[in-house]
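The structure appears below as structure tokens.
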Amino acid sequence: MKERLDEQTMALRASREFKDGMIVNLGFGIPTLAANFIPEDKEVIFHAENGCLGYGPTPTSEEEEDFHLVNATGTFATPKPGMCFFDHADSFSMIRGRHIDLCILGGLQVSEKGDLANWATAVGRVGNIGGAMDLAFGAYHLIVVLTHTTKTGEPKILKQCTYPLTAPRCVNLIITDISVIEVTPDGLVLKERAPDWEVEEIQALTEPKLKVADDLKQMEL
Amino acid sequence: MSINKVVKSFDEAVADIFDGAIILMGGFGPANGTPSNLLRALVKQGARNLTLVANTPGYGRPAPGTRAFRKTPPDYDDGGLLIQTGQVSKAICAFPGMSRPGMTAPLHEKLDAGELEVEMIPQGTLAERIRAAKAGVAAFFIPTGAGTIFEEGKETRVIDGRNNVLEYPLKADFALIRAYKADRYGNLVYQGTSRNFNPVMAGAAKVTIAEVDELVPLGELDPEVIVTPGIYVDRVAVRQNSVKGA
């Protein structure tokens, strides 16, 4: 078995998409970890659906834990100069109104058209939709981070999603544990491959046909 | 003084909540923005067949011998308590809660037992439907949900080249909210992310009841920083004026 990127390394790769001055929203799971990799020369403001802009990292001690300051995953955050609070209606005005520059979400499936399924594995089941749907519809730029295949080796990048959609045609970039793939009007374009992974091997684990970027490169980690 | 929205106790605050009422409840995750005392008073009061509208109904109290789902503020209870007592027949929410072996939200247990109906709404649409009820907006088109199972049975319209879903206000009988400080007019301020759904729900129900940490004299709250104007608040129940856990 070839080595795949672990969660921290996928989060590190996702953090490379942070640009100076961006307002960024991070979803549950691996995306949240990307907050730990902000380059020192860049200022990034994090948005939390529950009504905060500009919060700081997770507390390192119990003394710093404040029940009046939690992020959208329900974990404690810390205050930071410039931080502000607002209510849920305002928070989702920011999201739907396209004021969030970049959103990084986890995913269960992504289609070749950029459809995302990330909240339920079957129609009719109760799932935690949360704010994911609003973010998928509203974020200016959407990155999905997920493992390339399921635990049993089935592709998660499909011609069509089989799980209930979060939003159709919303994903711009897919970061997996073996590749970086851009969603374009002409289909999926393989931009980067993990160390030691060949194009054919990535294609074999992807249902739709991948175009290969002219400047395909190995992921820089 | 002729205007005084302060009630004597949490019990008095929830006394007229009737069987079958639709209740909005503020709060988000473990943030200290949940009206725990009002919820406990409502358990004591006993109203049943309630519809509970909240981002997350909550985890209730852990079963004896099991640990809490996560760290919570002191003296904390959430809407899961009302589900555990069987007072809720329908939950409307964006985040029903985690369900994993040994740690199942009461919502899932009641749902599996056929004792609870659950309706999911995307979080932003939930907030906006509550806001619409407060703002007198008759209905609105929103892109969230278009092309997904959330548009089923709803009117859709293409506006500016984009698909939208018609959504209606979520009207309720009572809003149970939590704030930090209040004055006797019902003006409210909040603390940090404990604000969340609370100001949205204030004024969105026929009766809005605020549980607050502190009552301050009129004029002490800076008019520039009041978040919820008193016009949206009907009753104020103050924490230190009540017996703990009442």
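Every chain is numbered from 1, with letters handed out A, B, ... down the list of sequences. The figures that follow rest on heavy atoms only: side chains count, while hydrogens, waters and symmetry mates do not.
When heavy atoms are compared at a cutoff of 4.5 Å, Tyr76(B) does not approach chain A at all. Using a 4.5 Å cut-off between heavy atoms, Asp66(A) makes no contact with chain B at all. Proximity to chain A (any heavy atom under 4.5 Å) is shown, for Leu126(B), by neither the backbone nor the side chain. Neither the backbone nor the side chain of Ser91(A) comes within less than 4.5 Å of any heavy atom of chain B. Residue Ala167(A) touches chain B through its backbone alone, counting heavy-atom pairs closer than 4.5 Å. Heavy atoms of Ile130(B) lying under 4.5 Å from chain A are absent altogether. Contact of Leu69(A) with chain B is made through backbone and side chain together, with heavy-atom distances under 4.5 Å. Contacts of Gln191(B) with chain A are made by both backbone and side-chain atoms, with heavy-atom separations under 4.5 Å. Heavy atoms of Thr125(B) lying under 4.5 Å from chain A belong to its backbone as well as its side chain.
Interface check for chain A: of the options Cys93(B), Gly97(B), Gly33(B), the most heavy-atom pairs under 4.5 Å are formed by Gly97(B). Between chain B and the options Gly51(A), Cys52(A), Ala77(A), Ala72(A), heavy-atom pairs under 4.5 Å are most frequent for Ala72(A). Chosen from Ala117(A), Cys84(A), Pro79(A), Gly74(A), the residue pairing most often with chain B at heavy-atom distances under 4.5 Å is Gly74(A). The choice from Thr56(B), Asn55(B), Ile142(B), Val118(B) that makes the most heavy-atom pairs within less than 4.5 Å of chain A is Ile142(B). Taking Glu128(B), Arg131(B), Met201(B) one by one and counting their heavy-atom pairs under 4.5 Å with chain A, the maximum is reached by Glu128(B). Among Pro143(B), Ala127(B), Gly29(B), the residue with the largest count of heavy-atom pairs under 4.5 Å with chain A is Pro143(B).
Side-chain contact between Gln123(B) and Phe92(A): present, with at least one pair of heavy atoms (C-beta onward) separated by less than 4.5 Å.
Within 6.0 Å of atom CD in Glu115(B), more than 12 heavy atoms from other residues, nucleotides or ligands are found, so the atom counts as buried in its surroundings. Heavy atoms of other residues, nucleotides or ligands lying less than 6.0 angstrom from OH of Tyr232(B) number 12 at most. Counting non-hydrogen atoms of neighbouring residues, nucleotides and ligands closer than 6.0 angstrom, the CG atom of Asp41(A) exceeds 12 such neighbours. Gln160(A) CD: 12 or fewer foreign heavy atoms inside a 6.0 Å radius. Heavy-atom neighbours of Leu166(B) CG from other residues, nucleotides or ligands within 6.0 Å: above the threshold of 12. Applying the 6.0 Å contact sphere to NZ of Lys42(A) captures more than 12 heavy atoms from other residues, nucleotides or ligands.
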Step by step, work out the side chain to side chain contact (heavy atoms under 4.5 Å, CB included) result for Phe67(A) and Lys71(B).
CA-CA 9 Å; Phe67(A) 282 106; Lys71(B) 204 184 263 191; 4.0 Å; yes

Kindly determine whether His88(A) and Phe28(B) satisfy side chain to side chain contact (heavy atoms under 4.5 Å, CB included), including the steps that lead there.
CA-CA 10 Å; His88(A) 254 86; Phe28(B) 184 97; 3.5 Å; yes

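Legend: residues meeting salt bridge (charged side-chain N to carboxylate O under 4.0 Å, His left out) with Asp101(A), ordered by chain and number and at least two apart, are absent.
Contact between Leu111(B) and Val126(A) at its shortest, heavy atoms only, is CD2-CG2, 3.3 Å.
Contacts of residues 128-144 of chain A with chain B at a heavy-atom distance below 4.5 Å involve Asn128(A), Ile129(A), Gly130(A), Gly131(A), Met133(A), Asp134(A), Phe137(A), listed in sequence order.
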